[in-house]
Amino acid sequence: MKAMQSLCVYCGSSSGRLEDYAQAARVLASAMVERGIRLVYGGASVGIMGSVADEVLRLGGQAVGVIPESLMRKELAHAGLSELHVTPSMHARKTLMAELADGFVALPGGIGTFEEIFEVWTWAQLGFHGKPCGLLNVAGYYDGLVSFLDHAASERFVRPDQRRMLVVEESPAALIDRFASYTPPALPKWVGRDET
Ligand code: AMP
C-alpha cells in the first residue's frame, strides 16, 4: 500500500451557516500537516476552501491549488499557495487534482463539492483508480446523503462494495487512518454482475 502523501480536499467555496464547518477544515489541515500530507484543492481563497488552505500554510504544510483560467481571472485564486496550477478547463482541473492526490475527501460544501466527490467515486467504482474516497461528516451535514446512499444500496442501484468505497467519518484523524489502510475491492469481478 502506497503511503498517503497528498490528499485532495473538496469543500465549499462558501463558509456555510455554522462555524463548525471552517473549524473542521482547520482540524483536518492540522491532522494532515502533522502526518506530512500535502493538500491538493481547488485553489480558491474563499469559504471553507480558503480555511483549509490558510491553516495548512499557517502550520508550515504544503498547499497545492488547481484552478481553471476562468476562475483565476475572477481573482478567486489564493495568492500564497506552495504551488498553483492553472488549467484550461474545469475538466482538466479535476483530472489534474485526481492525478496529484492519493485520496479524496469532501468536507461540507455545495454543488461543486458534490459533483467532485461523486466523479472520483464513479472513477473508483469503474476501477480507473484505487484511491480512497470519503466524506467528512461535520455536524451531521452529510447525514441525509449517507441515508440516501444506503437506500440506493438497499434498492440495488448501488452495490454494497461500491457503497463501502465511500468512507464516512466524523473526525479528520479517523478518516485519514481509514484512508491509510484502505484496500479497493477487486472490481473487475463484479462490474456488471447482478448478484450482491
Ligand atoms: P461549492 O461546493 O459549490 O461551493 O464548490 C466548491 C468546489 O467546486 C471546490 O472543491 C472547487 O474545486 C470548485 N469551486 C467552486 N467554486 C469555486 C471557486 N469560486 N473557486 C475555485 N473553485 C471553486
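Remember, it's a predicted structure, so these values are computed and weren't measured experimentally. Numbering of ligands and ligand atoms starts at 1, following listing order.
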Can you name the atoms of ligand 1, numbered from 1 with element, that are less than 4.0 Å from a heavy atom of [X]?
X: Ala44; result: 20 (N), 21 (C)
X: Gly12; result: 2 (O), 4 (O)
X: Gly109; result: 2 (O)

Partner of Leu7 under side-chain contact (heavy atoms from CB on, under 4.5 Å), chosen from Arg35, Arg38, Met32, Lys131
Met32

Could you check Leu28, Val56, Leu57 and say which one makes a side-chain contact (heavy atoms from CB on, under 4.5 Å) with Val33?
Val56

Pair up each side-chain donor or acceptor in residues 136-153 with any protein partner under 3.5 Å, not counting sequence neighbours, and list the distances.
unit_1 : atom_1 : unit_2 : atom_2 : d
Asn137 : OD1    : Tyr141 : N      : 3.2
Asn137 : OD1    : Tyr142 : N      : 2.6
Asn137 : ND2    : Asp143 : OD1    : 2.8
Tyr141 : OH     : Gly109 : O      : 2.5
Tyr142 : OH     : Leu107 : O      : 2.8
Ser147 : OG     : Asp143 : O      : 3.0
Asp150 : OD1    : Arg163 : NE     : 2.7
Asp150 : OD1    : Arg163 : NH2    : 3.4

Contact check, side chains of Ile48 and Pro108, non-hydrogen atoms, under 4.5 Å:
no

Do Val120 and Cys133 have side-chain heavy atoms sitting under 4.5 Å apart?
yes

Residue-level breakdown please: for Glu115 versus ligand 1, do any non-hydrogen atoms fall below 4.0 Å on the side chain, on the backbone, on both, or on neither?
neither

Please report which non-hydrogen protein atom sits nearest to [atom], along with the residue it belongs to and the distance in Å to one decimal place.
atom: atom 18 (C) of ligand 1; result: Leu71 CD1, 3.8 Å
atom: atom 19 (N) of ligand 1; result: Leu76 CD1, 3.2 Å
atom: atom 16 (N) of ligand 1; result: Ser13 OG, 3.5 Å
atom: atom 10 (O) of ligand 1; result: Glu116 OE1, 2.5 Å
atom: atom 3 (O) of ligand 1; result: Gly112 N, 2.8 Å

Heavy-atom proximity to atom 13 (C) of ligand 1 ranks first, among Lys94, Met90, Arg93, for Arg93

Return the minimal non-hydrogen interatomic distance between Pro68 and Arg93, and the atom names on each side.
CD-NE, 3.4 Å

Less than 3.5 Å between some nitrogen or oxygen of Gly110 and one of ligand 1, yes or no?
yes

Ligand 1 to Tyr10 polar contact by distance, N or O atoms, under 3.5 Å:
no

In Å, rounded to the nearest 0.5 Å, how long is the span from CZ of Phe118 to CD of Gln125?
11.0 Å

Just verifying a value: how many Å separate Gln5 CD and Ile37 CD1, rounded to the nearest 0.5 Å?
9.5 Å

Can Cys11 be said to touch ligand 1, with heavy atoms closer than 4.0 Å?
yes

Answer yes or no: is there an ion pair linking Arg26 with Glu19, defined by an N-O contact shorter than 4.0 Å?
yes

